[in-house]
2 protein chains.
Amino acid sequence: MAEHAPLSPMLVTDSPEEKFREFLEIRGEKLTEPRRILIRHIFDSHKHFDADELVADLRASARKVSRSTVYRTLRLLVEAGLLRELRLTNRTAYEHDYGYPSHDHLHCTECNRVVEFNNDEIRKIRETVSLEHGFRAEGHRFMITGICPTCSRARSPRRRLDLI
Amino acid sequence: MAEHAPLSPMLVTDSPEEKFREFLEIRGEKLTEPRRILIRHIFDSHKHFDADELVADLRASARKVSRSTVYRTLRLLVEAGLLRELRLTNRTAYEHDYGYPSHDHLHCTECNRVVEFNNDEIRKIRETVSLEHGFRAEGHRFMITGICPTCSRARSPRRRLDLI
DNA sequence: ATTTTTGCAAACCATTTGCAGCTGG
DNA sequence: CCAGCTGCAAATGGTTTGCAAAAAT
């Protein structure tokens, strides 16, 4: 349901797991086995995903984690700044927010593909606008919706031939 | 739950009701009394709202519309291009997408207030990025999340006094 | 007359929660 | 040891749907 343009990972000092452990420690909470399973699985690949996919991915393996724990852990990972929520449809999707450069999205409303992009102007605009309105900006989301090249071609496949 | 910066309405030739009627006619569907009640109530004011608020607003009056019809009509109004969906929380919020200039949003994560703003750069970026990726852009969403001035002050109310 | 729409109640589905037992530090 | 965690099953809450009666053209 999601795909990435090739943005290269950033260099980070701590592993996601280590960062999570620190976050939990501060709050007097524990890095348990299910939580370790989840964070490792999640940061093993740079994909957008949702709660259901995690449950499905792990159900087969010997590292099954209950649905409730998946939801509870996802919430923690967002609070810890490791994941970001993406509300494209009725279900909540997540993406890495650590060890990965900040970026925005193109969303194809036809095939649901998500492509990431970078544009430096956006952060500037965010600062300018926040300042104007006295907001203390903490994040932003810029999403362009439209039709991706593949679906565009599929829609009108003989456009070029018509001109012959 | 939502508030607007003062963006002035655009001039439009058809009333929202008229535009809805045209949309329905094309699809061989009908502009019924409940639908008329809803579109009038919705375009009576420029507020963000959700399904529940509509039901509540109308329950009291003599123009009660059932919850199912509210949901069904909201879907139609989005399809007709009269409303736009805004997924800020678990419930879907709506705003006018007709007779109102395009704009973007600041969202206070503390009090949930939504402020609209305009920035011409954004559309340019949208075109540039779409072109780069071969997307046919149909829309965009730019949302800045953060803390609004009011909540900022409430959070650290004695910041100024500390300096005395 | 025929097709679409409505309202109700029931169904749905993603997410949350209460709780008894398990676990990590 | 003991606060915090897990898994289960049940609850929640927004949204959708099946259906019989009502309305629109």
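Reminder, nothing fancy here: chain letters follow the sequence lines and each chain counts from 1.
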Got a list of side-chain donor-acceptor pairs under 3.5 Å for residues 36-45 of chain A, not counting sequence neighbours?
from  : atom 1 : to    : atom 2 : distance (Å)
A:R36 : NE     : A:E33 : OE1    : 3.4
A:R40 : NE     : A:E17 : OE1    : 2.8
A:R40 : NH2    : A:E17 : OE1    : 3.4
A:R40 : NH2    : A:E17 : OE2    : 3.2
A:H41 : NE2    : A:D57 : OD2    : 2.9

Less than 3.5 Å apart, which donor and acceptor atoms pair up between the side chains of residues 119-128 of chain A and the rest of the protein, not counting sequence neighbours?
from   : atom 1 : to     : atom 2 : distance (Å)
A:N119 : OD1    : A:E121 : N      : 2.9
A:E121 : OE2    : A:K124 : NZ     : 3.3
A:R126 : NH1    : A:H140 : ND1    : 3.0
A:T128 : OG1    : A:K124 : O      : 2.9

Using a 4.0 Å heavy-atom cut-off, write out nucleotides 11-16 of chain C from 5' to 3' as B (base contacted by protein), S (sugar-phosphate only) or - (no contact).
---SBB
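At the heavy-atom level, B:L31 lies nowhere under 4.0 Å from the strands shown.
A:L54 has its CG atom 14 Å from the P atom of D:dT6, to the nearest Å. In this structure, B:E33 atom CD and C:dT5 atom C1' are separated by 13 Å, rounded to whole Å. In this entry the distance linking CG of B:L88 with P of D:dG14 reads 15 Å, nearest Å. In this structure, CD1 of B:I37 is placed 16 Å from P of C:dT5, rounded to the nearest angstrom.
Under the 4.0 Å criterion applied to side-chain N and carboxylate O atoms, B:K19 and B:E22 are not assigned as salt-bridge partners. Taking the charged nitrogens against the carboxylate oxygens, B:D52 and B:R91 do have a contact shorter than 4.0 Å, which makes a salt bridge. Salt-bridge annotation for A:E138 and A:R136: absent, with no side-chain N of the basic residue lying under 4.0 Å from a carboxylate O of the acidic one.
Between A:L106 atom CG and A:I144 atom CD1 the span is 4.5 Å, to the nearest 0.5 Å.
Below 30°, between 30° and 60°, or above 60°: for A:H96 and A:F49 the angle between ring planes is above 60°, a perpendicular geometry.
Counting only residues at least two apart or on different chains, the side chain to side chain donor-acceptor pair (under 3.5 Å) pairs with a member in residues 73-83 of chain B are B:R27-B:E79.
With A:H48 as the fixed residue, the ring pair (Phe, Tyr, Trp, His ring centres under 6.0 Å) test singles out one of A:H105, A:H107, A:H103: A:H105.
An angle of 30°, rounded to 10°, separates the two end axes of the helix from C:dA1-D:dT25 to C:dG25-D:dC1, each defined over five pairs.
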Could you list, one pair per line, each protein nitrogen or oxygen that sits under 3.5 Å from a nitrogen or oxygen of nucleotides 2-5 of chain D, together with the distance?
from  : atom 1 : to    : atom 2 : distance (Å)
D:dA3 : N3     : A:K30 : NZ     : 3.0
D:dC5 : OP1    : A:K30 : N      : 3.4
D:dC5 : OP1    : A:R35 : NH1    : 2.7
D:dC5 : OP1    : A:R35 : NH2    : 3.2
D:dC5 : O3'    : A:T32 : OG1    : 3.4

